[in-house]
Amino acid sequence: MNTKLLIDVAGSMRALADSIQAFCEASTSEEQPETPVADAPAVEPKKTEETIPLEKVRGVLAEKSNAGHTEEVRAIINKYGAECLSGVDPKDYASVLTDAEALS
């Protein structure tokens, strides 16, 4: 890879990180009504051989957000009970990716 390309990639990654941070700050600063949590027994999630890394999910959501689907990305994250991606349970990453890929 040439140096200019690497510098461009690094700049894009910084911009993406800034956008994700701003998104998280904006979504956590809004008043959200509390929703009661049903008492349910703790269930150990099934271990799967394939684990989807957070970085992959973050990359896909960033692409969708940069393509103009920021509100839809926020809705997907909220759907899984989180204000930002780091709050999404890793067991839900596959579902998050499926929902994100459905965005046109």
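Counting from 1, the numbers follow the sequence of the chain as shown.
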*Could you tell me whether the side chain of Thr98 and the main chain of Ala94 form a donor-acceptor pair under 3.5 Å?*
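Answer holds: yes.
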*asked:* Using a 3.5 Å distance criterion without hydrogens, assess whether the side chain of Asn78 forms a donor-acceptor pair with backbone atoms of Ala82.
replied: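 Checked: pair present.
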Which heavy-atom pair separates [X] from [Y] by the least distance, and what is that distance?
| X | Y | answer |
| --- | --- | --- |
| His69 | Leu103 | CB-CD1, 4.0 Å |
| Ser65 | Thr70 | OG-OG1, 2.9 Å |
| Glu83 | Ile77 | C-CG2, 3.9 Å |

Would you say [X] and [Y] make side-chain contact, with heavy atoms under 4.5 Å?
| X | Y | result |
| --- | --- | --- |
| Val57 | Leu97 | yes |
| Thr51 | Tyr93 | no |
| Asp99 | Lys79 | yes |

*Start with the C-alpha gap between Tyr80 and Asp89, add the side-chain angles, then the distance that decides, and say whether side-chain contact (heavy atoms from CB on, under 4.5 Å) holds.*
CA-CA 8 Å; Tyr80 294 95; Asp89 191 326; over 6 Å; no
*asked:* Run the side chain to side chain contact (heavy atoms under 4.5 Å, CB included) test against Glu55 and tell me which residues pass, sequence neighbours left out.
replied: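 For Glu55 the side chain to side chain contact (heavy atoms under 4.5 Å, CB included) partners, ignoring immediate neighbours, are Pro53.
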*side chain to side chain contact (heavy atoms under 4.5 Å, CB included) with Val73: which of Leu61, Asn66, Val60?*
Leu61
